[in-house]
Amino acid sequence: MDFRKYHALGNVYLVVSPDEFPDEPAALIIKNICHKHYGVASDGVLIGPFSSNVADFGLRIFNPDASEAEKSGNGLRIFCRSLWDQGLVKDKPFTIETKGGVVKAQVSDNGLRVDVEMGKVSFLSQDIPVWGESREVLLENLNVMSLNHIYSAVTIGNPHCVILVESPTEIMAKEFGPLIETHPNFPNRTNVQFMQIIDRNHIVIEIWERGAGYTLASGSSSCAAAAVAYKLGLCDSSIKVMMPGGQIDVEINDDFRVSMSGGVTSICHGSISTECLSQLFH
Ligand SMILES: N[C@H](CCC[C@H](N)C(=O)O)C(=O)O
């Protein structure tokens, strides 16, 4: 199975052609591919390009636990770069259909930078989804490990739970992230961000991703956290999101359509053996 491996601020994805998956991608194959020790170590698998009736290209996004994500910001930037590397796009804008809607993208700086219009966010419980009556989920209580967290939830195609803290840490993300990811409040689980407001144009986040765990950066998390900071009046509409892996620039317009811009780095391309793909789980 041929693949291209990239990272976006340390958030790693493999890009694999649909031709490599004659049928629906088997969970075991996705898990084997992504495995840190038994595979080629990745934060997810991007399968595409598919043909699409509503966009220039179609894309499917899988987490290492084989769950399918509606959207991935870093995944989209990496997919755009892979299209550029394959000569399928140039420096003009193009569209991509994802499970979470159609996005518009543009590659620049000789493939090193990608801008994506990620779509409109929603804070409504029924859109995210979050359990309970229909409302905007802002500054609510969430009890985890007998600690009360104040959170806001938002979807940008995929669900996010954003918690304001004084000083986000990796330990915080790894300790509370998995419990919040699978909390009954979130019927489809959720991505989790611990967010510090630095000033009106800068935030810091630590991330626990649904279906992937702790990652060094996340595009949809950056958009989600920035949107919450803007919604709560804590930041202006241009926000630099700083993460352990690096920075993503986010712009939010008046009707909460969110755009992001960030780097992409090619790592390698190669071929995964059938032996690796067919391992029965460890
Ligand atoms: N784990 C996420 C998808 C990948 C998000 C992240 N890698 C990004 O860059 O947006 C989910 O299940 O919604």
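Counting starts at 1 for both ligands and their atoms, in listed order. Position 1 is the first residue of the sequence; numbering continues from there.
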Which protein non-hydrogen atom lies closest to atom 5 (C) of ligand 1, naming both residue and atom, and how far is it? Glu209 OE1, 3.3 Å
Using a strict cut-off of 4.0 Å, indicate which atoms of ligand 1 neighbour a heavy atom of Asn74. 8 (C), 9 (O)
Please list the nearest protein heavy atom to atom 10 (O) of ligand 1 with its residue and the distance rounded to 0.1 Å. Ser220 OG, 2.5 Å
Is it the side chain (CB and beyond), the backbone, both or neither of Thr215 that lies under 4.0 Å from ligand 1, heavy atoms counted? neither
Distance only, no hydrogens: is a donor on one side chain within 3.5 Å (strictly under) of an acceptor on the other, for Ser259 and Glu251? no
Between the side chains of Glu140 and Arg135, is the shortest nitrogen-to-carboxylate-oxygen separation below 4.0 Å, so that they form an ion pair? yes
Distance-only donor-acceptor check, side chains Asp199 and His202, under 3.5 Å: yes
Note: Asp56-Lys104 ion pair, threshold 4.0 Å (strictly below): no
Dump the intermediate steps for side-chain hydrogen bond (donor to acceptor under 3.5 Å, both in side chains) on Asn148 and Asn141, then the final yes or no. CA-CA 6 Å; Asn148 184 52; Asn141 293 311; 2.9 Å; yes
Cluster membership besides Leu142, Ile/Leu/Val/Met/Phe/Trp/Tyr side chains within less than 4.5 angstrom, sorted by chain and number, is Ile128, Val130, Val137, Val144, Met145, Leu147, Tyr151, Ile163, Val165, Met172, Phe176, Leu179, Ile180, Phe186, Val192, Phe194, Trp208, Tyr214, Leu216
Report the part of Trp208 (side chain from C-beta onward, or backbone N, CA, C, O) that has a heavy atom under 4.0 Å from ligand 1; answer both or neither where that applies. neither
Between ligand 1 and Pro159, is the shortest N or O to N or O distance under 3.5 Å? no
Lys71 heavy atom under 4.0 Å from ligand 1: yes
Does ligand 1 have an atom under 4.0 Å from some heavy atom of Asp43? no
Ligand 1 versus Asn63, non-hydrogen atoms closer than 4.0 Å: side chain, backbone, both, neither? side chain
Tell me the nearest of Gly44, Ser67, Ala69 to atom 3 (C) of ligand 1, using heavy-atom distances. Ala69
Sequence neighbours excluded, which residues qualify as ring-ring contact (aromatic ring centres under 6.0 Å, His included) partners of Phe3? none
Is any NZ, NE, NH1 or NH2 atom of the basic residue among Arg210 and Glu181 found under 4.0 Å from an Asp or Glu carboxylate oxygen of the other? no
With heavy atoms of Arg210 as the reference, note each atom of ligand 1 found under 4.0 Å away. 1 (N), 2 (C), 11 (C), 12 (O), 13 (O)
Honestly, for Asn191 the part within reach of ligand 1 (heavy atoms, under 4.0 Å) is side chain
